Amino acid sequence: MSEGKRRAAGPAVKKAPKPPRTRKQKVWRVARWFLALGLVGALLAGAAFLVLYQTIDIPDPNEDFETQTTFVYFDDGKTELGRFATQNRVSIDLDQMPQSLKDAVVAAENETFWTDSGIDPKGIVRAAFNNAQGGNRQGASTITQQYVKILYLSQERSYQRKIKEAILSLKVQRQQSKSRILEGYLNTIYFGRGAYGVEAASRAFFDRPAKNLDLRQSAVLASVLNNPTRFDPANGKDAREALLGRFQYTLNQMADLEMITAEQAEKAKKRLPKFPKIEAGSTYGDQKGHMLTMVRKELTELGFDQEEIEGGGLRVTTTFTPKAMAAAKQAVVEERPEGFKDKELHVGVASVEPGTGAVRGFYGGQDYLQSQINWAVSGGQAGSTLKAFALAAAIKEGFSLKDTFDGNSPFELPGGIEVTNQGDASYGSAINMITATQKSANSAFVDMTMAMEDGPEKVVKMMDAMGVPSGDADEDGPGFPSVSPGLEPVATVALGSATVSPINMASGYATIANEGVYAEPFIIEKVVDRGGETRYSHADEAPEPRRVLDADIAADVSYALQQNVTGGSGSAALELGRPSAGKTGTATNGRDEVSSAWYAGFTPQMATAVMYVRGKGNEQLLGWLPEYFGGSYPARTWTNAMQTLMDGLPVEEFPEPAYVDGDAPTDGHAPYVPPPSPTRKPPPSQQPSNEIESETPTPTQEPTPTQEPTPTQEPSPSCDILGCGPTETPPPSSPPPSPDPTASATPGAGPSRAAGPSRSAAGRGRD
């Protein structure tokens, strides 16, 4: 029998059924499940947020928003010439921003900025509900979030980016003070008109520094940054009306937050501030592009990389002066023939200061936006302007201004090659170098060059020392550019077939003006970085000027060039009204076409060179320009520019000639005899004129035409900023008609060329 518990006898007892749940109980049960799920979800979300917070690091800033504009100034270090920028931005400290601006931005963009944690949960929820309901898409970004998005993230619209933005905002909030965040935001945010940050915006909208903004102006900038396109008053009536509404909202907010009084708000709301007319001139328009291109290249050569040039916030002081730049342009515009514009007629002008080498001004030709060829740098065939350097070399080798050389035409070189003067004019078998310079007698200069031992080499060496670099000079050497295509040691080197830039020509003539002391030409005086440290100073780092020519020799060369002004083809320079020295020069190309016209000259205070060329730099001027001689448009352009440059400066005299006389070779030149009268005279309408000289062939043992620049080296729109050299090819058998020389008209030199043994094969240079 079982020992287990027995149930009492009788019928089985049934359990009472549970009463049904009330509606309230059912709701509560569901609610508990949701609460549990919510709690779990919150815990999971919190854990996920904690993981993300720990794993997401603050990235490196977007580089573009860390950049600052590099400013380029004229020689005073204050007048802006132009700028280089990835983004137009100048960062300033928060204490340099007016309180009205800081308050206006906080009131308009994030009224809880000073007290929130970097994010706005209420705003996020509000924006989420609005966006979910299909309303206008709203953001809920605080100033901190906007700063984080700009500086560290992209503009992508996604929830992932928003989550990352919120986490980074919390981190930034913990690491930086509110003041630091506001300062960074106001130096980073885009205001429109190409301006990033309040300093650039203040200048773009009101043409004043941010520290000088008043209440109305501050409210405008705080309003504009919300939507730079919609609220820019320059975009028309609708934009102005939209700005007014946002402007009034900003002022109301400032009053509600007690940043200003209600009275101040009501008074300010009555009208928008005045917006000054700010020229929207192109950064690279007209000559500025040529200037900035030169500055950029020079900065690169000084060791600054492109990243620092574009966004390093450098302050670059150049040698250019507004006066010299304006003088060059004014002279070209006023003196070039009417109806001839920069597209076809290219004029290069350059002014270099003797003693310092500072390039004070230039005119590069066509607007940079239309053509990037800077003719003050690319240059053209130099013609007789190179004879000044040959004269310096000869005197250094022992010759004197009184020594005489063969001035007759033709002059025969070894091998039967003939050199002719313009119009085959003969000046006598023994003319001194003053007369030869005044007449620009090709034959005498070739005779003089060949009378020196290794004469062509010494002439080229002298040019290089004085500032006209040779054809094989170091590409990293001084000069703009650092080489002169075609400048080679040939018998006719002084006649000017080589391509020389106006800047280098002015530099070489500045050496004569500076009594034989050469100073390398330069365009950058000083570079200071955004921290105020001087990174480069020309005064401290550039080579010292060096003597390359005895002062007495320089005085003699200067004297001969003065005679070209007082009694030769440079007589237009007499209008300057003070002592000056100079030389005309005109050249022909290989097709026997007049390819360039020059005038280079100086006073003791300034050296300037002017060049006229056409088309690609090597095309016919004869029959196209009303006058093509160097003594016409180039000399008048030089005089016009120098009148402006010399205005207000004292009149200075040149040193007296020393008539240096050394131990010259006894062979190769004849004793002095009075020169005969010119064989032909130009018509009265052509006097005084720059004579057309022969483009003379060289001896067979010297470089041939294949060694000179080829057609592909001619300056053309496809050439770079340094230009290319013109070509020399055999010309037609007959030269173009031109006036004969007279006592008052100085022939100039043309280029030299080894063309062939016959006189008829010789090309014609012009002056």
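Everything quoted here is computed from the prediction, not taken from an experiment.
- By the 4.5 Å heavy-atom criterion applied to side chains, Asn618 and Val613 are not counted as neighbours.
- Using cut-offs of 30° and 60° for the angle between ring planes, the Phe399 and Phe405 rings count as perpendicular.
- The ring-ring contact (aromatic ring centres under 6.0 Å, His included) test with His290 is passed by exactly one of Trp375, Tyr368, Phe320, Phe480: Tyr368.
- Leu302 CG to Ile524 CD1: the interatomic distance, rounded to the nearest 0.5 Å, is 5.0 Å.
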Take Lys329 and Asp286 through the test salt bridge (charged side-chain N to carboxylate O under 4.0 Å, His left out) and record every step on the way to the result. CA-CA 10 Å; Lys329 181 175 180 178; Asp286 199 13; 2.5 Å; yes
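- The neighbour count for Lys461 NZ, taken as heavy atoms of other residues, nucleotides or ligands under 6.0 Å away, does not exceed 12.
- Interatomic distance, Gln605 CD to Glu652 CD, rounded to the nearest 0.5 Å: 4.0 Å.
- Residues Met505 and Leu386 form a side-chain contact, since some pair of their non-hydrogen atoms from C-beta on lies under 4.5 Å apart.
- Partner of Val352 under the side chain to side chain contact (heavy atoms under 4.5 Å, CB included) criterion, chosen from Val359, Thr608, Asn504, Thr319: Val359.
- Using cut-offs of 30° and 60° on the angle between ring planes, the pair Trp638 and Tyr599 is perpendicular.
- There is no side-chain donor-acceptor pair under 3.5 Å between Gln643 and Thr639.
- From Lys616, atom NZ reaches atom CG of Asn589 across 13.0 Å, with rounding to the nearest 0.5 Å.
- Side-chain contact, Thr435 with Tyr427: no donor N or O sits under 3.5 Å from an acceptor N or O.
- Note that CD of Glu627 and CG of Leu625 are 9.0 Å apart. Values are rounded to the nearest 0.5 Å.
- Here CD of Gln366 is found 11.0 Å from CG of Leu345. Values are rounded to the nearest 0.5 Å.
- In terms of heavy atoms, Ser351 sits closest to Met606 at CB-SD, 4.0 Å.
- In this structure, a donor-acceptor pair under 3.5 Å is absent between the side chains of Tyr363 and Thr637.
- Note: Asn514 CG to Leu549 CG = 11.0 Å, rounded to the nearest 0.5 Å.
- In this structure, Phe602 has its ring center under 6.0 Å from that of Phe654.
- Looking only at atom types and distance, the side chain of Thr321 has no donor-acceptor partner in the side chain of Asp75 under 3.5 Å away.
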